[in-house]
Amino acid sequence: MSELTLLLIRLAFLAVLWFFVIAAVGVIRTDLFGARPASAAPKPTKPAKTASKPKRGEPRQMIVTGGPLQGTVINLTDAPITIGRAPDSTLVLADDYASSRHARLYPQNGQWIVEDLGSTNGTYLDRTKITRPTPVPLGVPIRIGKTVIELRK
């Protein structure tokens, strides 16, 4: 092989190596600090009524039904619920498969919406990976890593 060919192969290998290093740093940054906010992402709107008492048939509690925090109950209010490893999350998960800011649940027009916040491993609503804000029916499991959550009356 000529010296020029060897030089080109070395440069190509170096470029591929740097590509993987930059990709790994990007994944670590996203896991530590959360995803950058997308300008096109829909923002939750506040419900017309600010009633503190849920209507009949609406969920009143978020219950952890599986995982290390099984049995944990969070009463639902008008405030959004953040889920992840970050210490300022409403539900703090000590799970290697959860991102720092993994998912968010918020009320909108009388129903609760789950939104994945750009997590590495995804958020699942009844075995389906969610890619956009999705309404959560009563009793349908939400899986984040090893933790399973349900909304109940």
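The chain is numbered in sequence order, starting from 1. For the numbers below, each heavy atom of this structure counts, side chains included, while hydrogens, waters and symmetry mates do not.
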Next item on the list: Take atom OH of Tyr124 as the centre, draw a 6.0 Å sphere, and report whether it contains more than 12 heavy atoms from other residues, nucleotides or ligands.
Entry: yes

Notebook entry, point to check: Applying the 4.5 Å side-chain criterion to the ILVMFWY set and letting contacts propagate, would Trp112 and Val140 be lumped into a single cluster?
Noted result: yes

Check: Can you tell me if Arg104 uses its side chain to pair, donor with acceptor, with the backbone of Ile81 under 3.5 Å?
Finding: no

Next item on the list: Check for a donor-acceptor pair, side chain of Asp126 on one end and backbone N or O of Pro141 on the other, with a separation under 3.5 Å.
Entry: no

Margin query: With clusters defined by side-chain heavy atoms of hydrophobic residues (ILVMFWY) lying less than 4.5 Å apart, directly or transitively, does Leu69 cluster with Val114?
Written below: yes

Checklist line | Polar side-chain atom of Thr72 near backbone of Val64 as donor-acceptor pair, under 3.5 Å | finding: no

Checklist line | For Ile144 against Ala98, the heavy-atom pair lying closest together | finding: CG2-CB, 4.2 Å

Check: What is the distance from atom CG of Leu138 to atom CZ of Arg60, rounded to the nearest 0.5 Å?
Finding: 10.5 Å

Checklist line | 4.5 Å side-chain heavy-atom contact, Asp95 and Pro68 | finding: no

Check: Minimum heavy-atom separation for His102 to Asp116, with atom names?
Finding: O-OD1, 3.6 Å

Next item on the list: Indicate, with yes or no, if Leu91 and Leu76 share a hydrophobic cluster defined by side-chain heavy-atom contacts under 4.5 Å among Ile, Leu, Val, Met, Phe, Trp and Tyr.
Entry: yes

Next item on the list: Return yes if some donor-acceptor pair links the side-chain N/O of Ser119 with the main-chain N/O of Gly122 below 3.5 Å, else return no.
Entry: yes

Check: When rounded to the nearest 0.5 angstrom, what distance separates CZ in Arg143 from OG1 in Thr147?
Finding: 10.0 Å

Next item on the list: For Asp88, look at atom CG and say whether over 12 heavy atoms of other residues, nucleotides or ligands are found less than 6.0 Å away.
Entry: yes

Margin query: Is there a path of hydrophobic side-chain contacts, each under 4.5 Å between heavy atoms, that joins Tyr97 and Ile142?
Written below: no

Notebook entry, point to check: Can you name the nearest heavy-atom pair linking Pro59 to Leu151, along with the distance?
Noted result: CB-CB, 3.8 Å

Next item on the list: Can you see which heavy atom on Lys153 is nearest to which on Gln61, and at what distance?
Entry: O-OE1, 4.3 Å

Item checked: Under the side chain to side chain contact (heavy atoms under 4.5 Å, CB included) test, residues paired with Thr5 that sit two or more places apart -> Met1, Ser2, Ile9

Item checked: Thr82 side-chain N/O to Thr90 backbone N/O, donor-acceptor pair under 3.5 Å -> yes

Item checked: Cluster overlap Val92 with Ile63, hydrophobic side-chain contacts below 4.5 Å -> no

Check: Which atom names give the shortest non-hydrogen contact between Pro107 and Ala79, and what distance separates them?
Finding: CD-O, 4.4 Å

Just list the side-chain donor-acceptor pairs under 3.5 Å for residues 127-135, sequence neighbours left out, or say none.
| from | atom 1 | to | atom 2 | distance (Å) |
| --- | --- | --- | --- | --- |
| Thr134 | OG1 | Arg132 | O | 2.7 |

Next item on the list: State, yes or no, whether a side-chain contact exists between Ile113 and Leu105 at a heavy-atom distance under 4.5 Å.
Entry: no

Note to self: Has Ser99 got a side-chain atom pairing as donor or acceptor with Arg101's backbone, closer than 3.5 angstrom?
What the structure shows: no

Notebook entry, point to check: Between the side chain of Gln70 and the main-chain N/O of Thr65, is any donor-acceptor distance below 3.5 Å?
Noted result: yes

